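The block underneath contains the structure these notes are about, expressed in structure tokens.
Just so it is clear: chains get the letters A, B, ... in the order the sequence lines come, proteins before strands, and each one is counted from 1. Just so it is clear, the model here is predicted, and its values are computed rather than measured. FYI, side chains are in, hydrogens and waters are out, and symmetry mates aren't considered; it's all heavy atoms of this structure.
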2 protein chains.
Amino acid sequence: MTDVDDTLTNVLRRRIIDGEFAPGTRLSEISLAEKLGVSRNTLREAFRVLSEQGLVEHVPNRGVSVASPTVADVVDIYRARRYVEPAALAAGSPLHPAVSAMRAAVEQGETSLEARDWRTLGTANMAFHDAIVALADSPRLERLFRDIAAELRLAFLEIDNPEALHAPFVTRNRALLETFLEQGGPAAATELQDYLVLSERTVLGAFTRLRH
Amino acid sequence: MTDVDDTLTNVLRRRIIDGEFAPGTRLSEISLAEKLGVSRNTLREAFRVLSEQGLVEHVPNRGVSVASPTVADVVDIYRARRYVEPAALAAGSPLHPAVSAMRAAVEQGETSLEARDWRTLGTANMAFHDAIVALADSPRLERLFRDIAAELRLAFLEIDNPEALHAPFVTRNRALLETFLEQGGPAAATELQDYLVLSERTVLGAFTRLRH
DNA sequence: TGGCACAAGTTGTTCAACAATAATAGCGGC
DNA sequence: GCCGCTATTATTGTTGAACAACTTGTGCCA
């Protein structure tokens with residue numbers, strides 16, 4: 001759970017996701033390398049993989065900036081989620097190890113909701129869906145979801161109403177987990193479809209309202 | 001269609017997929033940089049993105065080698081394909097621009113089969129599935145498939161019987177396209193499910209026979 | 001044979017430099 | 001004042017060299 005991979009790439013990754021650099025911010029090679037205490041070359045190597053992961057946008061001769069997801073990006077992210085998550089849930093076994101991760105995420109979400117700790121709540125919600133994807137036992141699909149989730153968090157960062165964004169889904173996560181355990185994967189999958197449609201609508205609403 | 005992006009990354013990518021470096025080959029930074037006429041630093045940057053795409057394997061302090069897919073990798077690749085491709089086909093519209101790409105790929109495949117040009121045939125078959133994924137209009141799913149397809153080609157490279165690998169699917173592609181156009185997406189999707197199961201079995205058979 | 005120190009080679013990282021490109025400022029003309 | 005052009009400045013792209021850190025292979029010695 002705790003990711004203590006201290007490679008430069010992961011450090012940058014975490015800092016970006018944590019909102020240290022706002023989406024759209026230009027990341028100057030010289031100043032950032034200096035601030036991180038590494039050389040330009042190693043920083044550039046890290047930039048290449050972050051760019052490949054979609055966290056950072058690279059324009060030739062103009063450097064990299066923190067990705068700033070557009071409405072089209074959000075739509076595409078949810079499209080990909082609808083392809084992967086419900087199918088993983090439908091075929092998943094209630095005995096799969098990832099189920100305990102789902103349960104842990106639900107409980108963490110409930111705790112965070114009570115504490116009104118929106119950042120932790122957002123992380124917990126994401127962990128819940130990550131566990132759903134893990135049901136598929138597919139490293140490649142997990143990688144896709146990891147990248148997609150990171151991008152989505154960037155979109156979340158631009159919305160300054162985290163409560164509306166995350167709070168409504170705590171009870172839904174709990175309900176979805178129970179459906180999965182008591183009624184099986186296919187029933188949970190259809191419930192997740194609706195869930196994702198609602199989630200997309202929530203995000204897009206806040207998003208377009210923001211870009212007004 | 002013709003990819004003439006001459007970035008170092010793409011040059012390397014093409015050469016690896018074309019089998020210039022056999023899977024598992026160690027790619028020495030010094031000698032390869034010299035051979036390509038670039039510096040070690042820029043080569044390393046290219047390595048980072050190829051590694052992120054799964055085409056190349058990076059082990060700290062031991063450099064990179066051309067990825068050599070295992071049986072588990074092939075299984076996972078087909079699992080991911082079964083998640084994405086049938087769903088894209090099921091929801092796809094016969095009026096989508098990608099349909100013409102599907103048709104072109106089918107015809108190219110038939111031509112290559114007649115000419116017994118297995119390499120081109122393999123490319124055409126991949127283009128067919130690429131077009132299926134394109135039906136989904138999702139850049140992220142297309143990216144996933146692009147990476148997956150490249151990995152699969154590496155697996156193909158290790159199998160020295162390309163005819164058995166590619167030829168049987170020319171008529172199946174034609175049939176699948178007709179099912180899609182005449183009976184619609186969902187019917188084609190179930191046909192594609194069986195197709196992929198068969199394809200996986202073909203590859204895995206040749207693969208395990210190879211590793212004996 | 002088995003273990004150990006040493007040597008050779010490779011990768012990881014840094015630094016300094018310069019070319020190529022993009023952004024900025026200033027200037028002249030209208 | 002404002003527009004368009006040129007010159008300056010800043011940033012990225014790439015190179016080459018250097019050295020530390022790590023792996024691997026070799027030969028020595030017990």
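Listed for the Asn173(A) side chain is no donor-acceptor partner under 3.5 Å among the backbone atoms of Val106(A).
Residues from residues 35-46 of chain B lying near DNA chain D, meaning a heavy-atom separation below 4.0 Å, are Gly37(B), Val38(B), Ser39(B), Arg40(B), Asn41(B), Thr42(B) in numerical order. If you check residues 58-66 of chain A against DNA chain C, the residues with a heavy atom closer than 4.0 Å are Asn61(A), Arg62(A), listed by number.
One interatomic measurement links the two molecules: CD of Glu34(B) to P of dT15(D), which rounds to 13 Å at whole-angstrom precision.
For Arg119(B), the salt bridge (charged side-chain N to carboxylate O under 4.0 Å, His left out) test picks out no residue, with sequence neighbours left out. Not a single salt bridge (charged side-chain N to carboxylate O under 4.0 Å, His left out) links Asp137(A) to another residue, sequence neighbours left out. Every residue two or more places apart in sequence or in another chain that forms a salt bridge (charged side-chain N to carboxylate O under 4.0 Å, His left out) with Arg79(A) is listed here: Asp76(A). Annotation: salt bridge (charged side-chain N to carboxylate O under 4.0 Å, His left out) contacts of Glu200(A) (sequence neighbours excluded): Arg82(A). Checked against side chain to side chain contact (heavy atoms under 4.5 Å, CB included), Ala149(B) has the following partners two or more places apart in sequence or in another chain: Met126(B), Phe145(B). The side chain to side chain contact (heavy atoms under 4.5 Å, CB included) test applied to Gln53(A) returns Arg13(A), Val49(A), Leu50(A), Arg146(A), Asp147(A), Glu52(B), not counting sequence neighbours.
Atom OG1 of residue Thr208(A) and atom CG of residue Leu204(A) lie 6.5 Å apart, to the nearest 0.5 angstrom.
Salt bridge Arg153(A)/Asp18(A): absent, no basic N to carboxylate O contact under 4.0 Å.
For residues 89-134 of chain B, the pairs satisfying ring-ring contact (aromatic ring centres under 6.0 Å, His included) are His129(B)-Tyr195(B), with sequence neighbours left out.
The nucleotide range of DNA chain C contacted by chain B, defined by atoms under 4.0 angstrom from heavy atoms of the protein and reported 5' to 3', is dT11(C) to dT14(C).
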Report task. Quick one: do Phe169(A) and Leu198(A) satisfy side-chain contact (heavy atoms from CB on, under 4.5 Å)? Show the steps, please. Result -> CA-CA 10 Å; Phe169(A) 296 98; Leu198(A) 175 70; 4.1 Å; yes
Please table the atom pairs, donor to acceptor, closer than 3.5 Å between any side-chain atom in residues 31-38 of chain A and protein atoms at least two apart or in another chain.
residue  : atom : partner  : partner atom : Å
Ser31(A) : OG   : Ser28(A) : OG           : 3.2

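In the helix from dT1(C)-dA30(D) to dC30(C)-dG1(D), the end axes, each obtained as the rotation axis mapping the C1' atoms of four pairs onto the next four within a five-pair block, lie 10° apart to the nearest 10 degrees.
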